[in-house]
Number of protein chains: 2
Amino acid sequence: MENIDKIDLQILKQLQENSNINIKELASKLFLTVTPVYERIKRLERDGYIMKYVALLDKKKMNLGMTVFCNVRLKEHAKNVGSNFVKDIVALPEIIECYNIAGDYDFMLKILVEDMSSYQDFVMNKLSTIENIGNTQSVFVMGEIKHSTALAI
Amino acid sequence: MENIDKIDLQILKQLQENSNINIKELASKLFLTVTPVYERIKRLERDGYIMKYVALLDKKKMNLGMTVFCNVRLKEHAKNVGSNFVKDIVALPEIIECYNIAGDYDFMLKILVEDMSSYQDFVMNKLSTIENIGNTQSVFVMGEIKHSTALAI
DNA sequence: ATTTTTGCAGTAATTTGTTCGAAATAAAAT
DNA sequence: ATTTTATTTCGAACAAATTACTGCAAAAAT
């Protein structure tokens, strides 16, 4: 059905670093003309290798300079309890990521807020109102050493 | 100096969901013509609100279906020890994110690998060779509930 | 060996991005 | 209130990019 070769990998590598590059320039980097590059990109989109194209914004400029990882333990682990929790989590825009994890806690949330008082407000008035949350542990981010959306391919 | 209004926010909101939308369509959504939208985007890029445009790839399709968070504690906390550690971390492509955190551990790494044996290989042959690492704790991701690059604006 | 398929080059058509002067709107000053 | 100034938008013209189409050549399959 589908498979990707070295040229496809090069294209993906480029696009996940900068998706605004035009096909002509990308083609010349790969010593090709626009047609094969164009067709390969369309195929990679169709086959789901490329999921979407997005703009990455500056957190601090958008007043979301504080990152907190919040570990969450549920009270019970019944089937529908978890799915209700998930529904509530998805609805909260401050939660930018949510993982179901193995270990001491059930979920790990990545939360973006403006400052400490916004975080307090978030925990007090939003997170804590979610049913069936047992206890939570907040891990505060002091510095972001590395943050890439590009996969190592 | 610079400031953004409601229209700018709408533009940013759109672009961080889908940056491949063309200006004409974006303009009609905002009941504007292309010129103001075009100029606003260019200004938002110049002023650093928009950092970059990227393609997001499918992890599983790229054989990076396993996510692990790895908490790292350093042996010592001398000034140059940390910066050497940072240099080594940045060089490892499996590490997609690295945060300096408060709490029991010093750093939290987000690692993408193909499977458990690749992770073992990563820890044994790459992570453990980094100088001054005290101990580590691996938190395995069983499921990804939510994963957005879009800020809540 | 010949048919079929696949991938690439080149060109043309179409769409999109960019620039510019004029008009409209908003803000500041009289 | 009225004029002046600055800012923003519109619409049209131009430039550049994407998309579609045709044909050729190299692999792959029959």
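Hydrogens, waters and symmetry mates are skipped; everything else that's a heavy atom, side chains included, is used. Keep in mind the model is a prediction, meaning the values are calculated, not measured.
A donor and an acceptor atom never sit less than 3.5 Å apart when one is taken from the side chain of A/Thr35 and the other from the base of C/dG7.
One atom, CD1 of B/Ile7, and another, P of C/dT25, lie 14 Å apart when rounded to the nearest Å. With rounding to whole Å, A/Ile21 atom CD1 is found 13 Å from D/dA17 atom C1'. Separating the CG atom of B/Asp5 from the P atom of C/dA27 is a distance of 11 Å, rounded to the nearest angstrom. Summarising the geometry, the separation between CD on A/Glu39 and P on D/dT22 is reported as 14 Å, rounded to the nearest angstrom. B/Asn22 has its CG atom 12 Å from the P atom of C/dT18, to the nearest Å. Atom-to-atom, CD1 of A/Ile23 to C1' of C/dC8 comes out at 15 Å; the value is rounded to the nearest Å. One interatomic measurement links the two molecules: CZ of A/Arg43 to P of C/dT6, which rounds to 12 Å at whole-angstrom precision. Between the P atom of C/dG10 and the CG atom of A/Leu32 lies a distance of 11 Å, rounded to the nearest Å.
Taking side-chain N and O atoms only, A/Lys42 has a distance below 4.0 Å to OP1 or OP2 of D/dT19. Between A/Tyr38 and the phosphate of D/dT19, there is a side-chain N or O to OP1/OP2 separation shorter than 4.0 Å. Put simply, A/Arg40 has a side-chain N or O that comes within less than 4.0 Å of OP1 or OP2 on C/dC8.
Here B/Lys52 pairs with A/Glu17 in a salt bridge; the nearest charged N to carboxylate O distance falls below 4.0 Å. Under 4.0 Å is where a charged nitrogen must lie from a carboxylate oxygen, and between A/Arg43 and A/Asp8 at least one such pair does.
The nearest pair of heavy atoms linking A/Val113 to A/Glu94 is CG1-CG, 4.2 Å.
Using modelled atom types and a 3.5 Å distance limit, the side chains of A/Asp115 and A/Ser118 yield a donor-acceptor pair.
Nearest nucleotide to the B/Pro36 side chain, out of C/dC8, C/dT19, D/dC10: D/dC10. For B/Val34, taking side-chain heavy atoms from C-beta onward, the closest of the listed nucleotides C/dC8, D/dA17, C/dT18 is C/dT18.
Cluster membership for A/Tyr105 and A/Val72, using ILVMFWY side-chain heavy atoms within less than 4.5 angstrom, is not shared.
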